[in-house]
Amino acid sequence: MLSLSLLLTCVLCALSCRAGVLGERDSVYPRAGSLQQVTSFGSNPTNVGMYIYVPTNLATKPGIIVAIHYCTGTASAYYTGSPYATLAEQYGFIVIYPQSPYAGTCWDVSSQATLTHNGGGNSNSIANMVTWTIAKYNADTSKVFVTGSSSGAMMTNVMAATYPNLFAAATVYNGVPAGCFYSATNQADAWNSTCALGQSITTPAHWASIAEAMDPGYTGVRPRMQIYHGSVDTTLYPQNYYETVKQWAGVWGYNYDAPQATEANTPEANYVTTVWGPGVQGVFATGVGHTVPIHGDRDMEWFGFA
Ligand SMILES: *[C@@H]1O[C@H](CO)[C@@H](O)[C@H](O)[C@H]1NC(C)=O
């Protein structure tokens with residue numbers, strides 16, 4: 001009996017010693033299977049928080065999804081409130097959850113800095129999180145995606161415009177076009193009522209030129225964009241759906257007035273999916289307010305995991 005308990009003690013000791021070794025590695029590689037903060041990932045001029053979910057079932061050359069929270073949200077709230085960490089375990093990709101540095105936790109989608117490639121704003125910090133993660137985990141650079149809700153959806157459009165080189169595709173849940181929240185006085189984190197109320201209305205070509213000016217040297221392939229919006233959204237008025245799909249149809253060179261397909265009751269009753277081409281698809285949800293629920297399985301298809 002004594003020798004059995006001694007044996008058990010030794011086994012437990014060995015296990016905890018192993019855990020200690022793994023714990024040391026955690027300081028170099030964030031622990032898998034839970035949300036972890038990364039405090040040093042490169043230049044971070046606007047002090048954006050970086051949180052990461054590395055699945056226990058990590059793929060050998062993993063993809064990355066950047067999942068951006070709404071105003072009042074946090075990385076932790078979006079981690080628990082969105083399906084991406086669960087899906088990460090299924091498909092082996094890494095999720096990055098940036099966290100806004102501002103009171104009220106909206107994103108800066110209004111300053112010149114954030115609306116410029118390597119401009120030193122929030123978008124620059126998030127891009128640096130992506131490049132850090134690619135290097136650290138030997139990630140597949142052809143499988144890097146961005147998604148977000150509300151202010152996070154605005155930021156998703158800004159990321160797609162400022163860093164088209166980084167992202168293969170994006171999904172946007174109730175946002176506004178990149179540049180629509182522009183601040184004439186160059187304020188960071190400004191609210192723009194004209195845009196929110198759906199009164200910033202222009203042509204696909206003009207919206208495209210606004211997005212393209214955010215990374216003027218770029219001539220490569222653009223991220224594929226899937227845009228969701230609800231028809232009775234009174235926070236970011238539904239006109240922003242039309243303006244956003246105009247922007248990306250313009251960037252992709254599609255004729256906004258002649259979509260390729262319109263599918264009623266897709267992906268569910270009262271949602272209409274409109275396809276402008278392989279690069280741009282819109283989903284307008286009749287009777288849905290702010291915001292359209294995240295359609296995780298459909299995101300997986302759009303990103304090519306499923
Ligand atoms: C709000 O954004 C629009 C573009 O969408 C811009 O023309 C306008 O100047 C902005 N308003 C303020 C107060 O900066």
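These numbers come from the heavy atoms of this one structure, side chains and all, not from hydrogens, waters or symmetry mates. Because the structure is a prediction, the values reported are computed rather than measured. Indexing begins at 1, ligand by ligand and atom by atom, following the structure's order.
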* Give, for atom CG of N124 and atom OG1 of T46, the distance between the pair rounded to the nearest 0.5 Å. =>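 Between N124 CG and T46 OG1, I get 8.0 Å after rounding to 0.5 Å.
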* Asked: What is the ring orientation for Y78 with Y70, classed by angle as parallel under 30°, tilted 30 to 60°, or perpendicular over 60°?
  ->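 The arrangement is perpendicular - the two ring planes meet at more than 60°.
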* May I ask you to decide if the ring planes of F284 and Y241 are parallel, tilted or perpendicular, using 30° and 60° as cut-offs? =>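 F284 vs Y241 ring planes: tilted.
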* Identify the protein heavy atom lying closest to atom 9 (O) of ligand 1, giving its residue, its atom name and the separation to 0.1 Å. =>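 Among all protein heavy atoms, the one nearest atom 9 (O) of ligand 1 is A184 CB, 3.9 Å.
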* Got the closest protein heavy atom to atom 6 (C) of ligand 1, with its distance? ->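 Here the nearest protein heavy atom works out to Y182 CD2, 4.1 Å.
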If you count the atoms of ligand 1 from 1 in the order shown, which ones are under 4.0 Å from a heavy atom of [X]?
| X | result |
| --- | --- |
| S200 | 3 (C), 4 (C), 5 (O) |
| N192 | 1 (C), 2 (O), 3 (C), 8 (C), 10 (C), 11 (N), 12 (C) |
| S183 | 14 (O) |

* To do: Answer yes or no for atom 3 (C) of ligand 1: protein heavy atom present at a distance under 4.0 Å?
  =>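 Neighbour list for atom 3 (C) of ligand 1 includes protein heavy atoms (cut-off 4.0 Å).
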* Which atom of W191 lies closest to which atom of F181, heavy atoms considered ->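 Taking every non-hydrogen atom into account, CE3-CE2, 3.5 Å.
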* Write down the atom of T291, the atom of S150, and the distance for their closest heavy-atom approach. =>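 Of all heavy-atom pairs spanning T291 and S150, the closest is CG2-CB, 4.1 Å.
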* **Q247 side chain vs W207 backbone, donor-acceptor pair below 3.5 Å** =>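 Yes.
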* Asked: Is F181 in polar range of ligand 1, meaning some N or O pair under 3.5 Å apart?
  ->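 N/O-N/O distance below 3.5 Å does not exist for this pair.
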